[in-house]
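Values below: all heavy atoms of this structure, side chains included; hydrogens, waters and symmetry mates excluded. We're numbering straight along the sequence, starting at 1. Predicted, not measured: the structure shown is a model, and the values here were computed from it.
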Amino acid sequence: MRVLWLVGSLALALLIAVLTLQVPAPVGAGAPATAFSTERAMVDIREIAQRPHPVGSADHARVRAVLLQRMAELGLQTSTQAGALSPKAAQRLEREGGSAHGIELTNLVGVLPGRDPRLPAVALMAHYDTVPDSAGAADDSTGVAAILEAVRAIRARGPADRTLVVILTDGEELNLDGARAFWGGHPLRDRIGAVVNLEARGGGGRAMMFETGRGNAETIALFARAGARATGGVSSNSLAVFVYEAMPNGTDFTIPKARGVQGVNLAFIGRPEQYHAAVSTPDALDPGSVQHIGSQALETADALLRAPALPAATANVVYADLFGRVIISHSPVMGWALLGLAFLGLGLAVWRARTRAELTFADAGRGALDGLWFLSTGLVLTQFVRVLAGPMAGRADSADAYYTLLARLPWMEAGAALTVLAVALVLFGGRTRLDRRIVAGAIALAAVVALALGGLNPIVIGAAVAAVGLSLFPGLAARSTWGSWTGLIGLILLLAIPAQALAPEAAFLFVWTGLLAAVAAALAALLDPSLTRTQSLAPAAIAAVPGGGWILAQAHGVFLGVGMDLPGVLALLGLLVLMLIRPLSPGQGLARPLLIAAAAALLIGGGLSVAAQVMEPMVAAKTA
């Protein structure tokens, strides 16, 4: 029966994750005038992205003329702003084979006046330049075309009190120089109170709102309301904002954000092989992604234009979308209250299991060590499988090598996911059934290879020490279902404490799932502390469906964002799923098949990473 509960729960969770990650269907040209239409936007994308149009090229001038004409047709009061190349931008332009001599940047600015010019204005922003070798159908022709289509729909909805400013920047691919020029001194700069920026790092996938202005509580509240009206719903969470803030990347939104302007930054990052690549053409672009980013941009900009007051900088909030439909948010301090509830639920489960099922604190401790073994082993093995796909991004010797690694991301993700599955199957099959010296030796060897090919990494070194040490002492494995389950929940909640203290925007992954698991454990303990009756497994199985589906959907976006250098993030997210399904572990009668399946999953995962080098071969670095 546990096998049926386990397979059924995981199948439904995976189905939920797959459905959550789907892009909406593109909307045709026959849609109402007030709606965003991919088909209408694609007309502009095909015109803009005929060929690469980097700064200084003939096609760059062609696109500029086309866009000025389109902006005028939409009723915008158009103007241009000239700007000089920064030394860094000039150096990059010449390094890419161009010449910086006599080159000026040209921002395109359009204004749709509101009924009350005294109110702070709202800006829609994207860049119209590309890198030299890509037509940039996604980056950022989609953003530009989506803005044009959004302006058309906003006009169709009737006048707004606020003024709309369209900013199509130049030189973003060089050094964000167009944005620096506009926000450095354009006459309209100080009138703008909120910005919606559109970007892309790939050619498909759901568009995520991955960055906000600082002190985003009011911005998130407005975005949640607006995003719920967008085609395909909304995708965003505070973890993305937290991670992006820690990264060295920048977009045009970086510049107004530094000035304290509120706003949101939207992008899609699926189909990563199209990023800055020749294959980024209109035909290769995912039309559903155009619909998703454009619809979110339209609804957000329209909500801002018609808002009685624009969002002000207050405090950051913790938030995440649920299955791409609604956004749940709360203050950082609320995380402590939720964590307290989770500990209460776990305490109730432990009390009932100790008095009715002879659970011991020692066995719960061993359950926590099982979780540490899973996490540390998963970190080592995912890093090992990852390096089989090629050098880490930080060690790539050229931009071309970096883009090749991006193209390998789908292979890396599949390899890392199968590796995490393999570790989970070993835990379910009984890690004590394997020779401890073989397991410890295999983990140590994988760590050596990962460090040799991927570079010294203190996280991998620490994980290897923990994984090898725990493997050498199989007696530390949990001996009961309650021990393994409560110990794992306790481990997650303990990890949530420093996360909540240091980074509450990211801690919700631990807090929310830990609370769900603790409630399920408490209900199971109240129903049947012995966990022998069928109904006693129901709380865990039911919780695993939405909880597992939600985590699996989050895992895809997280891996696309940081998995190229941090594949072990899947091991951490896998630990959360494991916490939900741990009591559904099959009995010892299936130990051998599970261990065989684990070996197969690990071999296939490694094979997929190796295959990435064949399917997406590394290109030679270009010379100027």
Side-chain angles (χ1 to χ4, degrees), residues 363-388 392 412 415-479 483-484 487-492 494-495 498 510 555 559 563 565-579 581-582 585 591 594-595 597-606 609:
D363 202 36
R366 287 190 288 267
L369 291 178
D370 273 346
L372 284 176
W373 179 86
F374 173 89
L375 180 60
S376 57
T377 302
L379 285 169
V380 171
L381 293 185
T382 51
Q383 190 80 355
F384 165 73
V385 169
R386 162 62 189 88
V387 298
L388 298 179
M392 309 303 285
M412 298 178 194
L418 283 171
T419 301
V420 173
L421 175 62
V423 180
L425 290 172
V426 169
L427 200 58
F428 279 166
R431 63 187 182 93
T432 59
R433 295 175 64 89
L434 298 172
D435 187 287
R436 60 182 182 177
R437 292 162 297 185
I438 294 177
V439 174
I443 294 171
L445 179 60
V448 169
V449 174
L451 293 169
L453 298 180
L456 290 179
N457 185 323
I459 295 177
V460 175
I461 294 173
V465 171
V468 170
L470 290 171
S471 297
L472 289 173
F473 295 95
L476 295 177
R479 299 167 188 172
S484 60
L488 192 48
I489 296 173
L491 173 64
I492 295 298
L494 289 175
L495 290 175
F510 300 101
F559 191 88
D565 275 344
L566 296 171
V569 68
L570 286 189
L572 180 58
L573 295 174
L575 183 67
L576 298 176
V577 177
L578 179 67
M579 171 183 61
I581 63 173
R582 192 68 176 99
S585 177
L594 287 172
L595 294 175
L602 184 58
L603 288 173
I604 296 172
S609 282

What's the separation between atom CG in L375 and atom CG in L495, rounded to the nearest 0.5 Å?
7.5 Å

Check: V380 and T377 side chains under 4.5 Å, non-hydrogen atoms
no

Are the side chain of R366 and the backbone of A478 linked by a donor-acceptor contact shorter than 3.5 Å?
no

Is there a side-chain contact between L576 and I492 (heavy atoms, below 4.5 Å)?
yes

Nearest-0.5 Å distance that lies between atom CE in M392 and atom CG in L566:
7.0 Å

Quick one: list whatever passes side chain to side chain contact (heavy atoms under 4.5 Å, CB included) with S471, sequence neighbours left out.
W373, V439, A440, I443

So for atom CD1, which belongs to I459, do other residues, nucleotides or ligands contribute more than 12 heavy atoms lying within a distance under 6.0 Å?
no

Which residue is it: V420, V569, V387, L572? I am looking for the one with a side chain to side chain contact (heavy atoms under 4.5 Å, CB included) to T382.
V420

Value rounded to 0.5 Å, distance of CZ in R582 from CD1 in I489:
11.5 Å

CG of L451 to CD of Q383: how many Å apart, nearest 0.5 Å?
8.0 Å

Taking it one step at a time, do F374 and L470 satisfy side chain to side chain contact (heavy atoms under 4.5 Å, CB included)?
CA-CA 10 Å; F374 173 89; L470 290 171; over 6 Å; no

Give, for atom CG of L603 and atom OG1 of T419, the distance between the pair rounded to the nearest 0.5 Å.
10.0 Å

Rounded to the nearest 0.5 Å, how far apart are CZ of F510 and CG of L575?
8.0 Å

